[in-house]
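Shown next, in structure tokens, is the structure this report addresses.
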Amino acid sequence: MATEETGAFDIIIVGGGLAGCVVASRLRQRKPALSVLVIEAGDDLSENPHIYSPHKTALLLGSDADWKYMSAPQTNLNGRSVYYQAGKGLSGSAAVNMGGWVRGDAQEYDQWADLVSDRRWSYSGLLPYFKRTENYHNRHGDREQHGFDGPIHTSSVSSSGRQYPLRETTRQAWCNVGLKVIADANNGRPQGVAELVSNWRDGRRQLTSEVYPQDGVKIVTNALVQRVILDSSQTATGVELADGRTYSVRSGGEVIISAGALRTPQILLLSGIGDSEQLSKHKIPALVHLPDVGRNFHDHLMVFRYWKLREPEKGVAFGSPLFKGPNFEKGVPPEDWLVTTTVSSTGLQSALAKDENRSDQVDQSLADRPHSHLELTTIYAAFGGELIGLNIPVDGSAIMNFYMGCLPTSRGSITLKSVDPGDAPIIDPNFYATEADQFVMRAGWRLLSRLMLETPEGNDLVAEEIVPEGHRSLESDAPDNLIDARIRMGGMTASHFAGTASMGSVVDGSLKVRDTQGLRVVDASVIPIPLASHYQVAVYAIAEQAVDIILQENPSL
Ligand SMILES: Cc1cc2nc3c(=O)[nH]c(=O)nc-3n(C[C@H](O)[C@H](O)[C@H](O)COP(=O)(O)OP(=O)(O)OC[C@H]3O[C@@H](n4cnc5c(N)ncnc54)[C@H](O)[C@@H]3O)c2cc1C
């Protein structure tokens, strides 16, 4: 039975994740008189013993701080379902993430702004907000590009004092495959070999709910929001929880959905906002027909490869008793360089042309200049091999590569499984569905083969590739079908899910849900196209800009 909680708030935020905590904090800092309510499905995670330490991050997988989703079977990944970790609790996925601080390439932000005809979302439009979040580790860094008094302290491998034995070897190997070292990849021009930057601060996670103080914000945890309540003029008047409790916003106030890209579309749909056909299938009254809710789901597909070291006794990888010391506790994963690069434009053009025969939504501009299509790294550890049937001992005898396609053209969806908000939605990233994505991922595979098998440094370092049963090591000239087989076998999410309440179709440039009043979405759902970034940086900036927009555009607050 519905029970109404007393008092009407100025602002109700659904989801106390990364974006929700930023918006709540900044609104109260700017206007202390505002009454702000945050409703979060999970716990306050600040007491969780595994949250703060980089080396305990792996223990959060499958814990109470993880929603523990499985995707729909992926046709193009051998029918496998992919595990989707997502943060559940205050600070959301920022409480469980790896801490990579990767702003991405200005080109995609500019394309986003073009798509929605709103320069606020271009790279230069977002730059003040990237800077507002950031407390950049290099005091001599570029002041045009970096912030030095924001709440999030960044650190690079060297600024944190980490010293890995393979630093010079891996740097040289990347140079030998034709890539250049750059001093700063977080200035909108990331292509090259750059030191990994993260937001571990002296080896400790900066929990969003702490570094963005929640003073004066009313926070309700362990409370699952079922739907937004709309009145007859489609104005948001409050929210209803799965247990029947309701909370109201005062006239002129706002409901902000910040439940993340997997759950925000579910809440919209359960509120009667979405594709009327899907809503009628679930007998939900269709209040606002917005067919794109839950569509345009994009995510980065990532793949690991493993290498047996020639001289494991040298202690260059995690697991060896020689690989230790406080420097190794200041961040994860153990690696020096993050590499961003493009692919051959002629190859990509012909892949895009093949896709065009099947769909009219192919973005040919992806091949018109050198976009940041690939991100790659060498990690001085070997984990996650079980996924492809490998049992690699954690004894320092192996290292691995990670790589991901940054600008996928495959699009998936989030749809309702049922009307029960406790049921996870159907998560279908539709990975590896296009020729363009296959071309890019094969190019990444081949680049790693060159790096590890065809450079002097790789040859000195590596005895052989550790391959799943029935497969062989694949050199850079291996045929497409053999590379595909390995990608289909091991591909998984890089946890950069977005796009399910996209700007331009579901929300407008001011983050307002179309054809409604007093309702916005502020989280990764609004990102309309893939970015060559790790999304926490983008979401911090989106949330910071959202606060300016809300306060500028809503005179009643
Ligand atoms: C395992 C993992 C590793 C990652 N690594 C990195 C990285 O190294 N670098 C990087 O930049 N990015 C990384 N990311 C991505 C980054 O953390 C996310 O993009 C970012 O947190 C998204 O912010 P958000 O506000 O959209 O959603 P979230 O931070 O996920 O917040 C959503 C919140 O809403 C809550 N919620 C959901 N449904 C409801 C409901 N019905 N009622 C009430 N509350 C609800 C959730 O519990 C959650 O707290 C990673 C993500 C994951 C999952």
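This one's a predicted model, so the numbers in the text were calculated from it and none came from an experiment. Numbers here simply count residues along the sequence, with the first being 1. We count ligands from 1, going down the list as the structure has it; atoms in each ligand are counted the same way.
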Taking [X] first and then [Y], would you say they form a salt bridge - that is, a charged N and a carboxylate O separated by under 4.0 Å?
X    : Y    : value
D508 : R520 : no
D243 : R245 : yes
D275 : R295 : yes
R26  : E544 : yes

Residue D64 excluded, over 12 heavy atoms near CG under 6.0 Å: no
N/O pairs closer than 3.5 Å, ligand 1 and protein:
from, atom 1, to, atom 2, distance (Å)
ligand 1, 5 (N), M98, N, 3.2
ligand 1, 8 (O), M98, N, 3.4
ligand 1, 8 (O), G99, N, 3.2
ligand 1, 8 (O), G100, N, 2.9
ligand 1, 9 (N), G100, O, 2.9
ligand 1, 11 (O), G100, O, 3.2
ligand 1, 11 (O), H534, O, 3.2
ligand 1, 11 (O), Y535, N, 3.4
ligand 1, 11 (O), Q536, N, 2.9
ligand 1, 12 (N), Q536, N, 3.4
ligand 1, 17 (O), N97, ND2, 3.2
ligand 1, 25 (O), A19, N, 3.0
ligand 1, 26 (O), A524, N, 3.0
ligand 1, 29 (O), L18, N, 3.1
ligand 1, 29 (O), S93, N, 3.0
ligand 1, 30 (O), S93, N, 3.3
ligand 1, 30 (O), S93, OG, 2.8
ligand 1, 41 (N), V225, O, 3.0
ligand 1, 42 (N), V225, N, 2.9
ligand 1, 44 (N), A41, N, 3.1
ligand 1, 47 (O), E40, OE2, 2.7
ligand 1, 47 (O), W67, NE1, 3.1
ligand 1, 49 (O), E40, OE1, 2.7
ligand 1, 49 (O), E40, OE2, 3.2
ligand 1, 49 (O), G89, O, 3.0

Aromatic plane relationship, H534 with H496 - under 30° parallel, 30 to 60° tilted, over 60° perpendicular: tilted
